[in-house]
Amino acid sequence: MTERIVLAYSGGLDTSVAIGWIGEATGAEVIAVAVDVGQGGESLETIRQRALGCGAVEAYVADASDEFANEYCMPTLKANGLYQGHYPLVSAISRPVIVKHLVKAAREFGATTVAHGCTGKGNDQVRFEVGIQTLGPDLKCIAPVRDLALTRDKAIAFAEEKGLPIETTKKNPYSIDQNVWGRAVETGYLEDIWNGPTKDIYDYTATPEFPPAPDEVIISFEAGVPVAIDGVKVTPLQAIKELNRRAGAQGVGRIDVVEDRLVGIKSREIYEAPGAMALITAHKHLEDITVEREQARFKATVGQRWSELVYDGQWFSPLKRSLEAFIEDTQKYVSGDIRMTLHGGQAIVNGRRSDTSLYDFNLATYDTGDTFDQSMAKGFIELWGMSAKVASGRDIRVAGQ
Ligand code: ARG
């Protein structure tokens with residue numbers, strides 16, 4: 001029986017050419033698998049037809065947009081997941097869900113190998129292959145761009161020679177990856193890190209310099225997850241989409257950073273994640289009133305470590321799972337409403353309310369009604385400073401000898 005290979009298919013030039021390229025290099029039949037993670041753009045049926053037109057024996061489209069929102073974006077929100085304090089893990093969280101569907105398709109179609117279109121310089125190859133090793137340890141993995149020398153020029157030449165139904169002339173100098181959680185743009189002109197991004201780079205966000213009138217939004221959460229916007233019930237996917245639209249119109253969520261890739265390269269990245277950044281901001285502010293101080297401080301460290309694991313392709317690792325058990329426990333009381341104003345590139349919280357809040361007006365107030373016994377502070381401070389005071393006494397004594 002002819003060997004079968006499942007290819008992670010985006011519909012773009014490289015993966016379209018990869019169908020025939022893999023076929024010629026290996027003699028295998030190629031099954032193209034596209035996964036909908038809310039990336040928008042072309043219809044999935046168009047993408048499916050193109051894969052067949054490029055020589056795939058089967059083309060299969062998996063609708064994973066709700067699954068992606070529920071099982072990948074929501075854990076990121078609960079962790080306030082920002083790699084290096086900036087990047088909401090847009091591409092990093094989409095790879096494991098894509099892998100899940102690739103492995104499922106490999107089983108359904110009797111494939112022995114999974115292929116992806118990543119280069120040898122990025123994080124995504126690691127995320128794909130580590131994921132495949134974990135979910136389908138018997139499956140082999142190939143990357144035509146990296147392992148079968150499929151460069152861009154060769155891809156264009158191949159497409160023209162074979163008359164493939166794909167545009168080869170449109171010159172987009174950027175490498176773009178997008179889904180409902182955000183959009184990542186890299187390479188080309190952006191590789192000079194002094195160059196400011198030009199307007200044409202952005203798609204999810206309008207320019208924040210000339211914003212429309214301020215937009216006030218109330219986001220309601222239950223146990224760390226958004227459940228309503230302005231009182232209207234929403235699913236996680238709907239919440240992200242609605243905030244992509246509203247925060248995007250105000251230019252919220254543009255990010256320009258140089259980040260540390262897993263492979264040891266520093267790289268310039270432009271992200272736009274209006275919905276994700278508005279949600280993370282609101283969620284963090286709700287945690288500020290509902291999570292106890294020591295839990296909250298420790299959770300910031302846990303969230304950072306969680307983000308590094310996810311960035312580094314360890315979505316299926318035991319440590320990540322253990323950290324999630326902790327994060328999940330902290331979310332029990334993260335319920336309530338956050339009111340925020342979206343305007344001119346910013347999402348600023350200006351009101352919060354929660355039935356599970358730890359904010360105690362009577363303890364906090366400086367007005368009458370104060371229930372806090374201020375006389376307790378004096379002794380507390382004496383003891384709090386005791387250890388450092390004893391050490392400082394020793395330092396002076398030793399210095400004087
Ligand atoms: N640097 C980001 C990451 O590693 C984004 C990668 C985007 N991928 C792409 N093919 N443009 O998660």
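Predicted, not measured: the structure shown is a model, and the values here were computed from it. Values reported hereafter were calculated over all heavy atoms of this structure, with side chains retained and with hydrogens, waters and symmetry mates removed. Note that ligands are numbered from 1 as they come in the structure, with each ligand's atoms numbered from 1 the same way.
- Annotation: atom 4 (O) of ligand 1 to nearest protein heavy atom, N123 ND2, 2.7 Å.
- Heavy-atom proximity to D177, at under 4.0 Å, picks out these atoms of ligand 1: 7 (C), 8 (N), 9 (C), 11 (N).
- M74 approaches P226 most closely through the heavy-atom pair SD-CD, 3.5 Å.
- Looking at atom 8 (N) of ligand 1, its nearest protein heavy atom turns out to be D124 OD2, 3.1 Å.
- Near R127, with a cut-off below 4.0 Å to any heavy atom, the atoms of ligand 1 are 3 (C), 4 (O), 12 (O).
- Contact of the E186 side chain with the E259 side chain is not registered, since no non-hydrogen atoms from C-beta on lie closer than 4.5 Å.
- Of the heavy atoms in E186, only side-chain atoms (C-beta onward) come closer than 4.0 Å to ligand 1.
- Across R183 and V90, no two heavy atoms sit closer than the pair N-CG1, 3.8 Å.
- Between P274 and G248, the shortest heavy-atom contact is CB-N, 3.4 Å.
- In this structure, Y60 has its ring center at least 6.0 angstrom away from the ring center of Y9.
- From the protein, the heavy atom lying nearest to atom 6 (C) of ligand 1 is S91 OG, 3.6 Å.
- Both the sub-6.0 Å distance and the 45° axial angle are satisfied by R127 relative to the ring of Y311.
- Summary of contacts: the protein heavy atom closest to atom 1 (N) of ligand 1 is E259 OE2, 2.7 Å.
- In this structure, A213 and Q250 approach most closely via the heavy-atom pair O-NE2, 2.9 Å.
- The protein non-hydrogen atom at the shortest distance from atom 10 (N) of ligand 1 is S175 OG, 3.4 Å.
- Under a 4.0 Å heavy-atom criterion, Y271 is in contact with ligand 1.
- Nearest protein neighbour of atom 12 (O) of ligand 1, counting heavy atoms only, is Y87 OH, 2.6 Å.
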